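Notes follow once the structure below has been shown.
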Amino acid sequence: MGLLDKLRGEFVDIVEWLDDSRDTVVWRFPRYQNEIRMGAKLVVRESQTAVFVNEGQIADTFGPGTYTLQTQNLPILTTLKGWKYGFDSPWKAEVYFVNTRQFTDLKWGTQNPVIVRDPEFGAVRLRAFGGYAVRVVDAPKLLRELVGTDPQFRTEEVQEFLRQLIVGHLGSALATARVPVLDLAAQQVAIGATLAGVLTQELAPVGIQVPRFVIENISMPPEVEEALDRRTSMGVVGDLDRYTRFQAANALTDAANNSGGAGEGFGLGLGMAAGQRVAGALAPTPPPVPTPAGPPPLPAQGQWFVGVGGQQQGPYDLAGLAGQLAAGTLTRATLVWRVGMAQWAPAGEVAELGSVFAATPPPLPPQA
């Protein structure tokens, strides 16, 4: 190595940065005590900004392009170093390359639910998650406020700060949107655009912009979602009477799965009655038949089942129950059931059977 080659090694001839990562925001050019030669080449690629720092002070900034470094295109650094009249000499300065492309792989989510007031459900706890993109729009501000002297500033160093900022504004964004909870899914894009503007304004002092903010999902607590599912099911069923019959058919299945003689007897009796009713409800409706003039027929009376000695008897109509009462088989403590009741109940506690017991005096009190 000749003397000229050795001296050439003491100087930096090309200042550039080839980014091989996906998360580096700022990278400091490693000069390792080398001095930058006057006339050296500065290569700034698309989506990059180069910032020169001299003794802690931010000097000149360069956008995309290739530059020959001279005192003419380093006016601030020339002033800081006291160069005059284009004085040509090697010099030392820190060069930071700032990545100005969009960083799109950032995620956010609410660790704790956000409470909002809904006009239909009242106070509701909501959780949300999604993604967002950031980009640097003012490199000097970013260096002053966040980077400092960090030689390699990555997105992970600012991601938690951004997540906290997002969650802090999410509640007010949902509240000021005045959108009912059930309509939030249709307004997620609009709310995301609003939040992007709010966050960009909030991050302007540090030179960061949020060009895109995505809300992937807004969810409610599981118990609220279950209640909404039940409400939706009722809306789908529509006819309450048909829904009751459908529930009776489900009860039939549950009773048939229970082991034991009583459960099997109950399942059998309920299956015969409820199954016939469900089959009749789901069967095609026959065409209407002309009826002769006169009063309509009397409505059919309910069919009652009676539990005697652990066995199911029936079905009986009200007249049949009166006969069982006269025979002593039915008392006020006897368990009865009909379609539509949730469970067996003592006959004396069923309001519909009051007429059956009306003509029967209660038992005499014990004689002294």
Side-chain angles (χ1 to χ4, degrees), residues 223 226-292 294-365:
E223 58 273 15
E226 292 176 2
L228 283 176
D229 290 340
R230 290 194 296 268
R231 177 177 176 179
T232 303
S233 299
M234 290 295 296
V236 172
V237 172
D239 188 348
L240 184 59
D241 182 58
R242 290 177 63 88
Y243 180 73
T244 303
R245 297 175 184 178
F246 176 73
Q247 291 290 79
N250 290 337
L252 162 65
T253 303
D254 295 338
N257 291 331
N258 292 334
S259 60
E264 294 175 358
F266 171 73
L268 179 60
L270 178 60
M272 293 176 62
Q276 292 174 358
R277 286 183 172 271
V278 172
L282 299 180
T285 304
V289 179
T291 56
L298 293 174
Q301 297 184 357
Q303 300 296 309
W304 295 85
F305 294 88
V306 179
V308 179
Q311 299 295 324
Q312 175 182 299
Q313 297 182 7
Y316 303 106
D317 56 12
L318 294 180
L321 291 179
Q324 294 295 318
L325 179 63
T329 306
L330 177 66
T331 66
R332 293 179 180 272
T334 303
L335 295 177
V336 297
W337 181 88
R338 69 169 178 80
V339 175
M341 293 177 59
Q343 58 186 358
W344 292 77
E349 298 179 5
V350 179
E352 298 177 49
L353 301 182
S355 60
V356 177
F357 294 99
T360 304
L364 292 172

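From a predicted model like this one, the values you see are computed outputs, not experimental measurements.
Taking both residues in full, the closest heavy atoms of Phe305 and Trp344 are given as O-CZ3, 3.6 Å, listed atom of the first, atom of the second, then distance.
Contacts of Gln343 classified as side-chain hydrogen bond (donor to acceptor under 3.5 Å, both in side chains), with partners at least two apart in sequence or in another chain: none. Residues passing the side chain to side chain contact (heavy atoms under 4.5 Å, CB included) test with Thr331 are Ala333, Thr334, sequence neighbours excluded.
The CE atom of Met341 sits 5.5 Å away from atom CH2 of Trp304, with the distance rounded to the nearest 0.5 Å. The OH atom of Tyr316 lies 9.5 Å from the CG atom of Leu330; values are rounded to the nearest 0.5 Å.
Listed by first and then second residue, the salt bridge (Lys or Arg N to Asp or Glu O under 4.0 Å) pairs that reach into residues 346-358 are Arg338-Glu352, sequence neighbours excluded.
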